[in-house]
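Take a look at the structure below.
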There are 2 protein chains.
Amino acid sequence: MAENEPGPGGSIEIIQREMTAFARRARASAARMHPELSLVSFTLLSHLEDRGGCRATDLAAYYMLDKSTISRQVGALEKAGLVERRLEPGDHRVQVLHLTERGTGLLQRATDSRRVAFRERLAGWSEPDLERFAEYLLRYNAGAPEG
Amino acid sequence: MAENEPGPGGSIEIIQREMTAFARRARASAARMHPELSLVSFTLLSHLEDRGGCRATDLAAYYMLDKSTISRQVGALEKAGLVERRLEPGDHRVQVLHLTERGTGLLQRATDSRRVAFRERLAGWSEPDLERFAEYLLRYNAGAPEG
DNA sequence: ACTCAATGTTGTACTGTACAACCATTCGCG
DNA sequence: CGCGAATGGTTGTACAGTACAACATTGAGT
């Protein structure tokens with residue numbers, strides 16, 4: 001009660017609800033689109049591609065996951081031949097993770113089929129609307145407290 | 001680099017990436033905000049409040065979850081005293097689920113603290129931008145293939 | 001009455017995750 | 001130098017969330 005404001009509260013409420021609704025479905029949706037690459041794996045590989053390789057610790061920080069979780073995920077990805085570990089020459093504690101060719105290829109295919117789905121979903125949108133929506137999302141995520 | 005792409009592809013790519021990034025963090029984020037109410041529980045309770053009660057099957061369809069998953073989730077929520085089951089008078093197969101007072105209260109508190117977080121995140125935004133962003137999200141989710 | 005569909009529960013297995021304990025390496029400093 | 005703290009990562013353990021398959025119960029149509 002009391003939040004019947006037609007002003008700022010209203011939009012924020014809607015944004016909250018709709019972002020949550022999307023998040024809630026994302027995993028199942030991703031799983032249906034790509035049985036071979038879970039949402040987690042997909043995002044980890046994406047980050048590796050984005051950065052051109054990084055450390056496990058960086059992944060953990062970026063995705064707010066425990067280092068043990070990353071360790072196991074990376075282990076699985078390595079076993080699947082999608083990433084490789086390279087020892088940092090100057091520091092033998094760290095392993096720099098890189099996509100393998102196979103990883104790059106799989107990521108590419110996943111990204112493509114996801115893009116098709118998004119494109120379909122956004123089919124009726126005008127170009128200015130798409131640009132503004134993209135801009136809003138960037139701005140929203142840039143404000144993430146987690147980095 | 002990257003965003004200098006002209007045309008529809010660029011924006012769609014960004015939307016895809018940013019929506020995914022958000023989804024990826026939502027769970028951990030929700031967990032940190034509300035250790036007592038997971039993202040799943042929160043969304044289930046929200047739906048119940050929204051609809052003023054519904055069947056387990058409806059929840060399963062809406063969230064693309066298996067009925068067994070819903071069954072267990074609802075079981076836990078009932079055990080926690082957050083929802084109650086009412087037998088449909090005319091059909092003893094179905095149980096209509098309703099929030100209890102306790103469930104309503106907990107949901108309210110969770111929603112409030114989430115709203116605070118969202119509000120903070122959106123602090124620098126102009127009112128027209130908020131409205132447009134909300135509108136875009138509604139429009140995007142309305143196009144969900146899953147209903 | 002018999003069969004079939006709808007609703008939900010239970011058995012089982014697997015993924016993703018956190019936390020704590022641990023190992024290995026490096027760094028800071030007396 | 002040498003030791004303790006910090007950093008990066010792995011392993012043990014436990015638990016939540018999820019799916020799939022098998023099942024029980026109830027209602028509907030013939």
Side-chain angles (χ1 to χ4, degrees), chain A residues 23-45 53-80 82-98 146, chain B residues 20 23-45 48 53-80 82-98 146:
Chain A
R24 186 55 204 75
R25 291 172 215 232
R27 185 215 270 218
S29 207
R32 283 219 318 292
M33 250 189 282
H34 263 279
E36 295 310 301
L37 198 57
S38 75
L39 182 60
V40 180
S41 306
F42 176 76
T43 52
L44 294 183
L45 294 184
C54 71
R55 301 172 308 163
T57 295
D58 301 331
L59 291 175
Y62 190 74
Y63 290 113
M64 299 193 298
L65 294 172
D66 192 80
K67 55 185 183 163
S68 66
T69 300
I70 296 293
S71 175
R72 287 181 231 267
Q73 289 289 332
V74 168
L77 291 175
E78 186 191 28
K79 202 164 142 198
L82 304 178
V83 310
E84 62 181 11
R85 305 159 131 112
R86 299 185 195 158
L87 282 187
E88 184 82 347
D91 187 339
H92 283 237
R93 289 172 304 182
V94 323
Q95 327 171 324
V96 184
L97 305 169
H98 289 269
E146 315 87 12
Chain B
T20 303
R24 185 55 204 75
R25 292 174 215 231
R27 185 215 268 216
S29 205
R32 282 219 319 292
M33 251 188 282
H34 263 280
E36 295 309 299
L37 197 58
S38 75
L39 182 61
V40 179
S41 306
F42 176 76
T43 53
L44 294 183
L45 294 184
L48 285 184
C54 72
R55 301 171 310 164
T57 296
D58 301 330
L59 290 175
Y62 189 73
Y63 290 113
M64 300 194 298
L65 294 172
D66 192 80
K67 55 186 181 161
S68 65
T69 300
I70 296 292
S71 175
R72 288 181 230 266
Q73 289 287 333
V74 169
L77 291 175
E78 187 191 28
K79 203 165 142 199
L82 305 177
V83 310
E84 61 182 10
R85 304 159 132 112
R86 300 185 194 158
L87 282 187
E88 184 83 345
D91 187 339
H92 282 238
R93 285 172 307 183
V94 323
Q95 326 170 327
V96 183
L97 305 169
H98 289 268
E146 315 88 11

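What you are looking at is a predicted structure, and each value in this text was computed from that prediction instead of being measured. In what follows, every chain begins at residue 1, and chains take the letters A, B, ... in the order their sequences are listed.
With sequence neighbours excluded, no residue satisfies side chain to side chain donor-acceptor pair (under 3.5 Å) with A:Glu36. For B:Tyr63, the ring-ring contact (aromatic ring centres under 6.0 Å, His included) partners two or more places apart in sequence, or in a different chain, are B:His47. Not a single salt bridge (Lys or Arg N to Asp or Glu O under 4.0 Å) links A:Asp66 to another residue, sequence neighbours left out.
Between the CZ atom of A:Arg27 and the CZ atom of A:Arg25 there is a distance of 15.5 Å, given to the nearest 0.5 Å. From B:Leu45, atom CG reaches atom CG of B:Leu37 across 5.5 Å, with rounding to the nearest 0.5 Å. From B:Glu84, atom CD reaches atom CG of B:Leu48 across 10.5 Å, with rounding to the nearest 0.5 Å.
An OP1 or OP2 oxygen of C:dT9 is reached within less than 4.0 angstrom by a side-chain nitrogen or oxygen of B:Ser71. Phosphate proximity of C:dT9 to B:Gln95: present, with a side-chain N or O under 4.0 Å from OP1 or OP2.
Of all non-hydrogen atoms in B:Val83 and B:Val74, the two that sit nearest each other are CG2-O, 4.1 Å.
Rounded to an integer number of Å, the gap from B:Arg27 CZ to C:dT15 P is 15 Å. Computed from coordinates, the B:Arg32 CZ to C:dA18 P distance equals 10 Å when rounded to whole Å. Between A:His34 atom NE2 and C:dT15 atom C1' there is a gap of 19 Å when expressed in whole angstrom units. When rounded to the nearest whole Å, the span between CZ of B:Arg24 and P of C:dT15 equals 17 Å.
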Give every pair of a protein N or O atom and an N or O atom of nucleotides 20-27 of chain C that lie under 3.5 Å apart, one pair per line with the distance.
{"residue": "C:dT26", "atom": "OP1", "partner": "A:His92", "partner atom": "N", "Å": "2.7"}

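Side-chain N or O atoms of B:Thr69 include none that pairs as donor or acceptor with a backbone N or O of B:Leu65 at under 3.5 Å.
Residues from residues 36-44 of chain A that place a heavy atom under 4.0 Å from any atom of DNA chain D: there are none.
Between A:Ala56 and B:Glu88, it is A:Ala56 whose nearest contact on DNA chain D lies nearer the 5' terminus.
Residue-level contact check: B:Thr57 touches the backbone only, with heavy atoms under 4.0 Å from sugar-phosphate atoms and none from bases. Nucleic acid contact for B:Ile70: none, since no nucleic acid atom lies under 4.0 Å from a heavy atom of the residue.
When DNA chain D is scanned in the 5' to 3' direction for atoms under 4.0 Å from non-hydrogen atoms of chain B, the outermost contacting nucleotides are D:dG17 to D:dG27.
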task: Starting from the C-alpha separation in whole Å, work towards a yes-or-no answer on side chain to side chain donor-acceptor pair (under 3.5 Å) for A:Ser38 and A:Ser41.
output: CA-CA 5 Å; A:Ser38 75; A:Ser41 306; 3.1 Å; yes
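Contact check for B:Cys54 versus B:Val96: no side-chain heavy atoms found under the 4.5 Å cut-off.
A salt bridge does not link A:Glu88 to A:Arg86: none of the charged nitrogens lies less than 4.0 Å from a carboxylate oxygen.
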